[in-house]
Amino acid sequence: MMDKSFDAAAVESRVSALWEETGAFRAGRPERAGAEPFCMVIPPPNVTGNLHMGHALNNTLQDILARYRRMNGRDVLWQPGTDHAGIATQMVVERKLAEAQQPDRRTMGREAFLERVWAWKAESGGAIVQQLKRLGASCDWSRERFTLDAGLSRAVAKVFVQLYRDGLVYKDKRLVNWDPKFQTAISDLEVLQVECKGAFKWTRESDEPLNAAALGKVLAKNPNGHLYYFDYPVVDAAGEETGDRITVATTRPETMLGDTAVAVHSDDERYATLVGRQVRLPLVGRLIAIVADEYSDPEKGTGAVKITPAHDFNDFEVGKRHEAEGARPINVLDAEGRVFLKDNVAFFEGVESDNDHARLIAAVDGADRFVARLRIVELMALAGFLARIEPHAHMVPHGDRSNVVVEPWLTDQWYVDAKTLAEPALEAVRDGRTQFVPKNWEKTYYDWLENIQPWCVSRQLWWGHQIPAWYSPWGGCYVEESEDAAYAAALADGLERGALTQEEADGLARDPARLAATLRRDEDVLDTWFSSALWPFSTLGWPDETPELKRYYPTDVLVTGFDIIFFWVARMMMMGLHFQNEIPFRDVYIHALVRDEKGAKMSKSKGNVIDPIQLIDKFGADALRFTLAAMAAQGRDIKLSEARVEGYRNFATKIWNASRFAEMNGCARVAGFDPASVREPLNRWILGEAARAAAETAGAIESYRFNDAANAVYRFVWSVFCDWHLELAKPVLQGETDAAAKAETQATIAYVLDAIYALLHPFMPFLSEELWAIKGERGTPRAGPLALGPWPAQGVEVDEAIEAEIGWVVDLIGEIRSVKSEMGVSPSAPVSLVLVSPSARAQSSAAGWSEALKRLARVDAVETAEVAPAGSVQLVVRGEVVALPLAGVVDLAAERARLDREIDKVKLEIVKVVAKLSNDDFLARAPDEVVAEHEERREAFEERLAKLGHARERLEGV
RNA sequence: GGGCGCUUAGCUCAGCGGUAGAGCACUACCUUGACAUGGUAGGGGUCAGAGGUUCAAUCCCUCUAGCGCCCACCA
């Protein structure tokens, strides 16, 4: 006996254990050695993370694909694993250290710190995997990988070295986006533009001195969002002030300390006479040139722009063009974003000594950039060089993790020549080898790759893949896959350069400790996304030529969110094509983001995450999964409502109860049941409907229309099978008149339920697997878990005559129920059903279905008459007139009114159809089948109108 | 400044050239032997607005309004 209700929690753990025992998700099962493989790689979640709604959606969709293909006999590898998530993880551990008031990472040193991170990984890693299992993700968990595993690290080193040798990885000194909080470089993609708008206004002409305290208050809230206008005094060749001033505007006053030029546009007449002159930089005293450069936009600011090559990407370029005029980078900030002056040799170079530097240094040296900002403004105002301050809305770059303003900063970093790698990646999508679904994401992909910049891959962090580069005292840099190789290369280089004698080299080679002390390894680690970019082949064992790599690469589909198209998808394309000479995946399915109620991206830092595990606890994993699938229409973000999940929990209950009903009515599986041999119309009908639902579901899954697939299953199970097949079957199941029909119906129900479990399995794996097992306890033993199939065999055709018969019965029952309800007749009021001059077919149908009619339409008897009994309510159902003799029960005036409404409706329809059919253009230009369809509709409406009119007339006399 | 998307029932959303749909909510009725996490019936929509294309437009095109996202060199 089945339990009275579906206990999701109990079933989930039982079924999980079953999958584990049977190794159902294992790739390369021997019996599928000859099967076509199907492979996906999971977007690896942060190893120390927790499952959020985005993961739940992403993995539900992947699981639907994996299970569907597995049930269809494919050898499925869904490759799982986790990501070390460099900055994110290091950040967590550093925060925990700070919270515990323990020494920070620099104090404890690299080795000790890394131990702490590994400890944290050991402690919290694996939670996400457990959560994915709770969701039902059918990954081959035996193949789980981690981006810092030895194997994957080997792949990373090999790729880095190879790219270096190909000239596609290089070290360069240029401006990078520097995160002063984490004190590391970050890539362009990790920079978010945030709009800032200030609220302070002041002009020198206002007669009021600058109220620095008031400005300070405003800046304390938001240091950005103001435009400051500075006057720079123009000097003559002798360095004497001419009395002219040139006004520049800036949003970052503190960078003026590093100004080395002022640029104006060569066409700007206002400044034509000043080009070639110099200005004396206030507070600093440095003489800097006024240069003509096209970068300067006469429309913006004052048309004259201060040039700070060390702290602005554009200025850096302008500076390169005007190096001869002295526009060199002078760095005035340190790694933490503090003003750095005292020991700054470059800063004082060429500066007259009579300036009051002591005062400047006292005011700003060592001050945070935002503190310095206010002080510089104050000093400029006191010296009379501040012209005005105005609020100015503009975008300010912030680190996506640190959320602090990033600084363009001049450093040595490693770069990947993304432009070169991007070409094949673009080509592969352009020629359709890889396709995006929905297709419109391809434009996003093209736009980014076509304008791609060098990818800064070095990070001044400790948690990650340390860059395999070693430096020697004799100035060499050795990029090698291993320490030994690097040492060998260094010694050879030392000999070649003459920095080492053969003897010295031999000595070093014999003394590894001394060698290690001589060579210094690059301390930086690689961007997390560098290792993620290799995921589709590194997880398959590359650089070894493994059988898995051969069998499963390229993967079939990648399922991911649009937010990581650039971070991840594009880079996997680049690396896959470069290192495997082959696309990493054929399809890229881009799903929506699950957003919070305001449409904002869910993130831990915002604290707006909905916990999927809580929903699973409350409604079951199946309900959550079904909800996500049903809502995953292409092209729109998902706002999840709990009511929806509850609705699909009810759906699970419905299925459970339908299965119980089957059990109670002896619907056991019959060995060798052949759908083709079924005779009863009702059974043939449901088998046809089941086949249709299976085809619809399969088609929808294969084209990534998850919502259509879910809805097809939902409708078939509830609205077709439960509402009609089971209801119509009750008289046969619960009667004793026709044993053969009963047995056939029982067998059919068992068969259709099996099909339902299978159709449902990709969406609701726990419930379906459990019911499959329960139903498998009797009859022929199951070959294995449902997870391994089979997908319902298709091929039962829906017979038109049967369709018409069942359709008529269904409509008739509906009409009777409707009219009773509408006329205020109690459902249980005694009334018989009279067929008025029925066709032979209707008569036999009615006879055959009389029991069902009695039960479902609540009529007492089914009779036949030449004409409708006086004062009866008459219905026209698919051309057949039926009457309910309700004289005395219903108000005849109400019945007349009902018929009149009915007639009006039909007339309106006829007017619409006739209007079209009498339009010559329509007849001439519309496709024939559309015209024919309209003809049929007109005929049907007219026939219905005639019969309704007849019924209406009959009521007149009463 | 560029690009993408959205606007359909009270709410959340499907649909997409030819009869406008779902879930939830709402109303009325139903303790009928699978299921009240249920059943039956019902109310509710000039498919944002304006033009255009078409025999035919919620659907295609253009514009307008509102909302959202992504990208872009911070004067």
Side-chain angles (χ1 to χ4, degrees), chain A residues 2 4-6 193 196 224-225 227-229 248-252 255 263 295-297 299-307 311-317 392 394-397 405 408 440-441 443-444 447-448 451 562-563 565-566 593 595 598-601 619 627 630-631 633 635-644 646-665 707-708 711 714-715 722-723 726-727 730 734 813-814 817-822 824 826-828 855-856 858 909 912-913 916 919-927 930-931 933-934 937:
Chain A
M2 283 175 65
K4 191 103 192 207
S5 63
F6 170 53
Q193 303 292 336
C196 295
N224 298 293
L227 202 49
Y228 306 83
Y229 290 80
V248 295
T250 181
T251 56
R252 300 196 308 152
T255 64
Y295 163 66
S296 181
D297 181 351
E299 304 289 311
K300 281 188 185 168
T302 60
V305 57
K306 65 193 246 343
I307 300 299
H311 295 293
D312 182 284
F313 288 100
N314 288 305
D315 292 5
F316 187 73
E317 295 304 316
H392 174 71
H394 66 115
M395 303 298 269
V396 181
V405 176
N440 49 318
W441 289 110
K443 187 174 166 49
T444 306
D447 286 350
W448 188 68
N451 299 299
F562 64 79
D563 53 329
I565 290 178
F566 305 146
L593 246 46
R595 293 177 179 276
K598 282 170 288 185
K601 209 167 135 177
F619 299 110
T627 307
M631 294 183 83
R636 195 197 279 241
D637 289 340
I638 293 178
K639 276 196 248 168
L640 198 69
S641 80
E642 198 170 294
R644 196 77 188 257
E646 188 182 352
Y648 289 118
R649 188 275 317 269
N650 295 351
F651 178 51
T653 305
K654 185 77 180 177
I655 295 158
W656 185 264
N657 281 309
S659 302
R660 278 182 67 220
F661 170 82
E663 183 187 60
M664 292 160 130
N665 285 279
N707 58 323
D708 287 344
N711 287 331
Y714 186 91
R715 179 164 306 140
C722 290
D723 286 355
L726 290 186
E727 292 301 330
K730 279 177 183 174
Q734 291 164 7
I813 291 166
R817 283 167 169 173
S818 180
V819 79
K820 275 181 154 182
S821 164
E822 207 175 326
S826 154
S828 54
R855 280 173 92 121
L856 301 181
R858 311 285 299 267
E909 290 300 322
K912 286 204 287 203
V913 180
K916 279 202 159 181
N919 179 342
D920 290 339
D921 284 332
F922 174 72
L923 295 177
R925 297 179 199 235
V930 172
V931 176
E933 211 174 279
H934 278 72
R937 285 182 62 209

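Here is the naming used below: chain letters follow the sequence lines, and residue numbers restart at 1 for every chain.
Applying the side-chain contact (heavy atoms from CB on, under 4.5 Å) criterion to A:Thr302, with sequence neighbours excluded, gives A:Tyr229, A:Thr247, A:Tyr271, A:Ala304. Evaluation of the side-chain contact (heavy atoms from CB on, under 4.5 Å) rule for A:Ser821 yields no partner, not counting sequence neighbours. In this view, A:Glu909 and A:Lys912, A:Arg937 satisfy the salt bridge (Lys or Arg N to Asp or Glu O under 4.0 Å) rule, not counting sequence neighbours. Listed by chain and number, the residues in a side-chain contact (heavy atoms from CB on, under 4.5 Å) with A:Lys730 are A:Phe661, A:Glu727, A:Gln734, A:Arg855 (sequence neighbours excluded). In this structure A:Glu933 satisfies the salt bridge (Lys or Arg N to Asp or Glu O under 4.0 Å) test with no other residue, sequence neighbours excluded. With sequence neighbours left out, A:Ala658 forms a side-chain contact (heavy atoms from CB on, under 4.5 Å) with A:Cys722, A:Leu726. For the salt bridge (Lys or Arg N to Asp or Glu O under 4.0 Å) test, no residue two or more places apart in sequence or in another chain qualifies with A:Asp297. The salt bridge (Lys or Arg N to Asp or Glu O under 4.0 Å) check on A:Lys820 picks up nothing, with sequence neighbours excluded.
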I need a per-nucleotide contact map over nucleotides 20-36 of chain B, read 5' to 3'. Cutoff is protein heavy atoms under 4.0 Å; write B for the base, S for backbone only, - otherwise. ---SS-------B-BB-
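Within the nucleic acid shown, A:Val248 has no heavy atom closer than 4.0 Å to any nucleic acid atom. Among the protein residues, A:Ser296 comes within range of the nucleic acid bases, having at least one heavy atom under 4.0 Å from a base atom. Residue A:Asp312 is in base contact, counting any heavy-atom pair closer than 4.0 Å across all strands shown. Within the nucleic acid shown, A:Asn451 has no heavy atom closer than 4.0 Å to any nucleic acid atom.
Shown here for A:Pro408 and A:Arg252, the closest heavy-atom pair between the two residues is CD-NH1, 4.1 Å. Nearest approach of A:His311 to A:Thr255, heavy atoms of both residues: CB-CG2, 4.2 Å.
In this structure, NZ of A:Lys306 is placed 18 Å from P of B:C73, rounded to the nearest angstrom. Put simply, CD1 on A:Ile638 is 12 Å from C1' on B:U12, counting in whole angstrom units. Between the C1' atom of B:G68 and the CG atom of A:Asp563 lies a distance of 16 Å, rounded to the nearest Å. In this entry the distance linking CZ of A:Phe562 with C1' of B:C71 reads 13 Å, nearest Å. If you take CG of A:Leu856 and P of B:G39, they are 13 Å apart, rounded to a whole angstrom. Regarding A:Phe651, its CZ atom lies at a distance of 13 Å from the C1' atom of B:U37, rounded to whole Å.
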Can you give me the N/O atom pairs linking the protein to nucleotides 52-55 of chain B at distances under 3.5 Å, or say none if there are none?
residue, atom, partner, partner atom, Å
B:C55, OP1, A:Arg925, NE, 3.0
B:C55, OP1, A:Arg925, NH1, 2.3
B:C55, O2', A:Asn919, ND2, 3.0

Expected rows: protein N/O vs nucleotides 45-48 of chain B N/O, under 3.5 Å:
none

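Separating the CD atom in A:Glu317 from the CG atom in A:Asp312 is a distance of 10.0 Å, to the nearest 0.5 Å. A distance of 5.5 Å separates NZ of A:Lys4 from CZ of A:Arg660, quoted to the nearest 0.5 Å.
Using a 4.0 Å cut-off, some side-chain N or O of A:Ser818 falls inside it from OP1 or OP2 of B:G42. Here A:His392 reaches the OP1 or OP2 of B:A75: one of its side-chain N or O atoms lies under 4.0 Å away.
Mapping A:Arg817 and A:Trp441 onto RNA chain B via the closest heavy atom, the residue that lands nearer the 5' end is A:Trp441. Comparing A:Ala633 and A:Ala249 against RNA chain B, the residue whose closest nucleotide sits nearer the 5' end is A:Ala633.
Here the side chain of A:Asn707 is nearest to one of B:A14, B:C74, B:G18, namely B:A14. Candidate nucleotides B:C70, B:A72, B:U19 were compared by shortest atom distance to the side chain of A:Phe566, and B:C70 ranks first. When distances are taken from the side chain of A:Asn440 to each of B:C74, B:A14, B:C4, the shortest belongs to B:C4.
Ring geometry, A:Phe651 versus A:Tyr648: the interplanar angle exceeds 60°, so the pair is classed perpendicular (tilted spans 30 to 60°).
Counting distance only, with no hydrogens placed and no angle test, the side-chain atoms of A:Arg649 and the base atoms of B:U37 include a donor-acceptor pair under 3.5 Å.
One P atom belongs to B:C6, the other to B:U46, and the distance between them is 22 Å to the nearest Å. On the P atoms, B:U12 is 29 Å away from B:U62, given to the nearest whole Å.
No side-chain heavy atom of A:Phe6 sits less than 4.5 Å from a side-chain heavy atom of A:Ile655.
Remark: RNA chain B takes part in the stems B:1-7 with B:65-71, B:10-13 with B:21-24, B:26-30 with B:38-42, B:48-52 with B:60-64, each of 3 or more antiparallel Watson-Crick or G-U pairs, criterion distances under 3.5 Å.
Under a 3.5 Å cut-off, the side chain of A:Arg817 and the backbone N or O of A:Leu856 do form a donor-acceptor pair.
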